[in-house]
Amino acid sequence: MFSVVGTANALPTSDDFNSEMNASSHSMLNERIYAQTDGEVETIILQLGLTDEQIAQLYQVDRQFSPKLDELYPAWNQAQEELEVLIRSEDASESEVRKKYEEVESLRRQVSELQFERRMAIREILRPEQRLPYEEYIEQRIAESDS
């Protein structure tokens, strides 16, 4: 979830969160998140009213899915570029083009499946009243990145 606005490597670990769980932990977490993401993640945390436990769980989900997605996105983009080159090539055979197309589709499916699984994991963390605002936030972010 949070990799949209930052990298997984920069995120605190659940041990960091557990050691900070005290009376001032929420403000400490928000300050840490704000510093790492220019406030974009803090905005959604505040809008949804996430608890410290939910924040820690969401970071865990991010650490679970981001490394694989960070690996797949560039591979998928590269394969798409290679497919375009093959399609335009006078020398590429139909079988070469079809093989590259299958590679692109395989990577697309893997990305789609991981995105879905990440979304389901996040859905389990959020309370029912937090789900719609979260989905609206994600749709807005997607629309902004597409424009």
Side-chain angles (χ1 to χ4, degrees), residues 1-20 28-147:
M1 171 183 152
F2 297 121
S3 62
V4 171
V5 293
T7 62
N9 297 349
L11 299 175
T13 65
S14 58
D15 292 338
D16 295 331
F17 283 109
N18 293 334
S19 67
E20 292 179 4
M28 289 172 60
L29 292 173
N30 281 337
E31 288 172 18
R32 177 184 258 163
I33 290 165
Y34 185 84
Q36 292 175 351
T37 63
D38 298 325
E40 294 180 45
V41 172
E42 182 182 85
T43 301
I44 191 64
I45 287 171
L46 293 175
Q47 286 175 353
L48 294 178
L50 298 175
T51 65
D52 293 341
E53 181 179 345
Q54 285 176 306
I55 294 167
Q57 290 172 333
L58 290 172
Y59 276 115
Q60 185 65 32
V61 167
D62 186 63
R63 281 193 312 279
Q64 177 185 351
F65 289 96
S66 288
K68 185 62 176 170
L69 284 168
D70 289 346
E71 176 185 318
L72 284 173
Y73 284 131
W76 182 26
N77 288 333
Q78 179 68 32
Q80 287 174 314
E81 290 173 13
E82 291 170 2
L83 176 61
E84 288 303 314
V85 169
L86 287 172
I87 288 172
R88 291 184 174 112
S89 170
E90 294 177 9
D91 300 328
S93 69
E94 181 178 338
S95 65
E96 287 177 291
V97 175
R98 289 186 179 279
K99 183 177 178 181
K100 184 56 69 174
Y101 172 78
E102 290 302 319
E103 179 185 343
V104 168
E105 283 302 297
S106 173
L107 290 164
R108 183 198 57 78
R109 278 190 301 274
Q110 290 176 59
V111 166
S112 182
E113 288 171 10
L114 282 172
Q115 289 172 330
F116 176 75
E117 291 302 326
R118 178 177 60 189
R119 237 171 144 173
M120 294 306 295
I122 291 169
R123 184 178 189 275
E124 288 300 310
I125 294 167
L126 299 176
R127 295 186 308 270
E129 67 272 13
Q130 293 171 320
R131 291 177 185 162
L132 180 59
Y134 170 77
E135 289 299 325
E136 289 171 346
Y137 170 79
I138 293 302
E139 287 171 13
Q140 177 186 356
R141 295 299 307 258
I142 291 169
E144 289 171 2
S145 71
D146 287 345
S147 55

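Along the sequence shown, the residues carry numbers beginning at 1. Note that the structure is predicted; figures quoted are calculated from it, not measured.
The shortest non-hydrogen separation linking A92 to V97 is CB-CG2, 4.1 Å. When all heavy atoms of Q110 and L72 are compared, the closest pair comes out as OE1-CD2, 3.6 Å. Annotation for Q115 and L69: closest pair CG-CD2, 4.3 Å, computed over non-hydrogen atoms. Of all non-hydrogen atoms in R127 and L48, the two that sit nearest each other are NH2-O, 4.2 Å. Shown here for A79 and E103, the closest heavy-atom pair between the two residues is CB-OE2, 3.8 Å. Minimum heavy-atom separation, I122 to Y134: CD1-OH, 3.3 Å.
In this structure, E135 CD and R119 CZ are separated by 4.0 Å, a value rounded to the nearest 0.5 Å. The distance from atom NZ of K99 to atom CG of L83, rounded to the nearest 0.5 Å, is 13.5 Å. Rounding to the nearest 0.5 Å places NZ of K68 at 7.5 Å from CG of L114. Note: L86 CG to Y101 OH = 14.5 Å, rounded to the nearest 0.5 Å. Taking OH of Y137 as the reference point, atom CD1 of I142 lies at 11.0 Å (rounded to 0.5 Å). Atom CG of N77 is separated from atom CG of L107 by 9.5 Å, given to the nearest 0.5 angstrom.
Between Q140 and E136, the side chains place no donor N or O within less than 3.5 Å of an acceptor N or O (distance only, hydrogens not considered).
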Derivation and outcome, side-chain hydrogen bond (donor to acceptor under 3.5 Å, both in side chains), residues E82 and Q78 = CA-CA 6 Å; E82 291 170 2; Q78 179 68 32; 2.9 Å; yes
side-chain hydrogen bond (donor to acceptor under 3.5 Å, both in side chains) between R63 and Y59: does it pass, once the steps are laid out?
-> CA-CA 6 Å; R63 281 193 312 279; Y59 276 115; over 6 Å; no
Could you go step by step and tell me if D62 and S66 meet the side-chain hydrogen bond (donor to acceptor under 3.5 Å, both in side chains) rule?
-> CA-CA 5 Å; D62 186 63; S66 288; 2.7 Å; yes
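Not one N or O on the side chain of R118 forms a donor-acceptor pair closer than 3.5 Å with the backbone of V61.
None of Q60, Q57, R131, Q130 except one satisfies the side chain to side chain contact (heavy atoms under 4.5 Å, CB included) rule with I125; the exception is Q57. Between R98 and the choices E94, E102, E96, the side chain to side chain donor-acceptor pair (under 3.5 Å) rule is met once, by E94.
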